[in-house]
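Down below is the structure, laid out as structure tokens.
Lettering follows sequence order; numbering is per chain, from 1.
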2 protein chains.
Amino acid sequence: MTSAPLNIAETSDNTAANAHRDDGRSAAEFTSPGQEGATSGEEGVRPRKRGAELEEAIRCACVAELAESGYGGLTIESVAARAQTGKASIYRRWPTKQELVLDSLTSMMSGPVMRLADRTYDDTMTTRDALLELLSEVSEFMLGPEGDAMRSMMGESLRDETFTLSFRCDFFDPRKQAVLDILQRGIRRGEVRTTALDDVVPEMIGGLFIHRILLLRQRPTRPELERILDGFIMPAIRA
Amino acid sequence: MTSAPLNIAETSDNTAANAHRDDGRSAAEFTSPGQEGATSGEEGVRPRKRGAELEEAIRCACVAELAESGYGGLTIESVAARAQTGKASIYRRWPTKQELVLDSLTSMMSGPVMRLADRTYDDTMTTRDALLELLSEVSEFMLGPEGDAMRSMMGESLRDETFTLSFRCDFFDPRKQAVLDILQRGIRRGEVRTTALDDVVPEMIGGLFIHRILLLRQRPTRPELERILDGFIMPAIRA
DNA sequence: CCGATAGGGAACGGATGCGTTCCCTATCGT
DNA sequence: ACGATAGGGAACGCATCCGTTCCCTATCGG
């Protein structure tokens, strides 16, 4: 069945095969190496990525597609096009679309999250200011394409245990712990009452952000963050 | 490159079993009217729905499918199968999948939401108890299939303006207003400080619920709701 | 400079779902 | 009871996309 591995060969030997490619841009770049500066500008040459560099470009393209088109709208072809590679190179690394998406998200989240979880604050900083800084960083992260990607995956995680787990372990839990650490520190400093060390606090703060940023897409300004902190969060946890 | 064995419920896969399950069962029901009692029980006759009754069954099936399979996984065929009707009857009423989904969600949300927005509380009720009652009702709603359906749509609403608007107008805004009304009432009663009448309060409460119920799928017990109210929300808004 | 390796592009077979159409049948009005 | 209307089931054409395969070529190591 379909053992004949030819029929591409007959169109390949001629230069016309390259001539009718989709836009002709890359054809000009590759078939006339001495001309690329004149036809498409100085930046026309696209070095072919390999190895880890290519993998990173694919993961990055995957998150970007997720942010723009959502999980349902993401196709391997669109990721390949954005990463300027071919489908084959993707399938060589990830067996399915699902694994590609999960791996891209996980590697995306491990960076910023790690930074936040291991954050320490020197003794001159009040609990309020530590929270303010944490909130600023988190909101900055969530307003970027990564935030959109996360939002796109929230619905999907309902039906996929792996996603749900990854979300909790890689995103929610570290952030929750970061808030709890600040609370604990605040208790030691006498700024926070002991009964405020409760999962509800990080969940309330996190929920506010999910609501504001992910659902309403409003960027909280720093004065507004301060207003929220001073007006509602600090009164709720103060000693 | 992850080698983790994951099994992501891709928006299409395991619905295949439902897709062509229609061979035989319904045929038995319809082609042997004298036998239905023997083959599938006394209730074997399925009266053919028409008009408004059928429309409601389709909307209901649509929300249920949304809750189970998500927007990407929902197909007109699956809705038709669940509503025990045919695709043609659906397309006779809604031109596209999007309109069906939007209409189903809207009609689903208008019921409970209306009830909450117009809610009044008699004078014996404290602000705290009014909030408690509102929170109980909302959490009950969100824990049902409607909540799952909403969660499935959150990602999609990122890319569809109509969905976003419908969510805000039909769901978030009425709930926000219900909370604001209770706050306003609490200010009149002297239980709530005037500066607490702020969008942040309903957003914080709503966010907590989104986080807890929609993302973590934890059902808050009544004692826990009271703990949250007494421990954190009331301190944040008290006069 | 040259062979080995990995990347890019394009086609494929297959599956799935949309939206349509056709035909038969149940239900309703009269 | 009987015709008109609306519902149910199944196929169709069409499009998309998955995952694979093939061939050619850029890049790298020696």
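- Here the C1' atom of nucleotide D:dG9 and the NZ atom of B:Lys87 are 11 Å apart, to the nearest Å.
- Rounded to a whole Å, the CZ atom of B:Arg93 is 8 Å from the C1' atom of D:dG7.
- Among D:dG7, C:dC18, C:dG7, the nucleotide with an atom closest to any side-chain atom of B:Thr75 is C:dC18.
- For the OP1/OP2 pair of D:dT20 and a distance below 4.0 Å, the side-chain nitrogens and oxygens of A:Arg92 include no atom meeting the criterion.
- Rounded to an integer number of Å, the gap from CD1 of A:Ile58 to P of C:dG8 is 7 Å.
- The distance from atom CH2 of B:Trp94 to atom P of C:dC18 is 15 Å, rounded to the nearest whole Å.
- Side-chain proximity of A:Arg48 to D:dT27, D:dA6, C:dT20: nearest is D:dT27.
- Salt bridge annotation for A:Glu224-A:Arg212: present, with a cationic side-chain nitrogen under 4.0 angstrom from a carboxylate oxygen.
- In the set C:dA6, D:dC18, C:dG19, the nucleotide with an atom closest to the side chain of A:Tyr91 is D:dC18.
- With a 6.0 Å radius and a threshold of 12 heavy atoms from other residues, nucleotides or ligands, A:Arg219 has its CZ atom at or below the threshold.
- Sequence order on DNA chain D of the closest nucleotides to A:Ala88 and A:Leu74 puts A:Leu74 first from the 5' end.
- Listed nucleotides D:dC17, C:dA11, D:dG8 differ in distance to A:Glu77; the shortest reach to its side chain belongs to D:dC17.
- If A:Gly51 and B:Lys97 are placed on DNA chain C by their nearest nucleotide, the residue sitting closer to the 5' end is A:Gly51.
- Taking 4.0 Å as the cut-off between side-chain N and carboxylate O, A:Arg159 and A:Glu156 count as a salt-bridged pair.
- We find that NZ of A:Lys49 is positioned 13 Å from P of D:dC28, with the value rounded to whole Å.
- Proximity of A:Ser89 to the phosphate of C:dG8: a side-chain N or O atom is located under 4.0 Å from OP1 or OP2.
- Here the P atom of nucleotide D:dC17 and the CD atom of A:Gln98 are 15 Å apart, to the nearest Å.
- Computed from coordinates, the A:Ile90 CD1 to C:dG8 C1' distance equals 11 Å when rounded to whole Å.
- In this structure the side chain of B:Met154 reaches within 4.5 angstrom of the side chain of A:Leu215, judged on heavy atoms.
- Salt-bridge formation is detected for the pair B:Arg217/B:Asp148: a Lys NZ or Arg NE/NH1/NH2 atom is positioned less than 4.0 Å from an Asp or Glu carboxylate oxygen.
- Rounded to an integer number of Å, the gap from B:Arg50 CZ to D:dG7 P is 6 Å.
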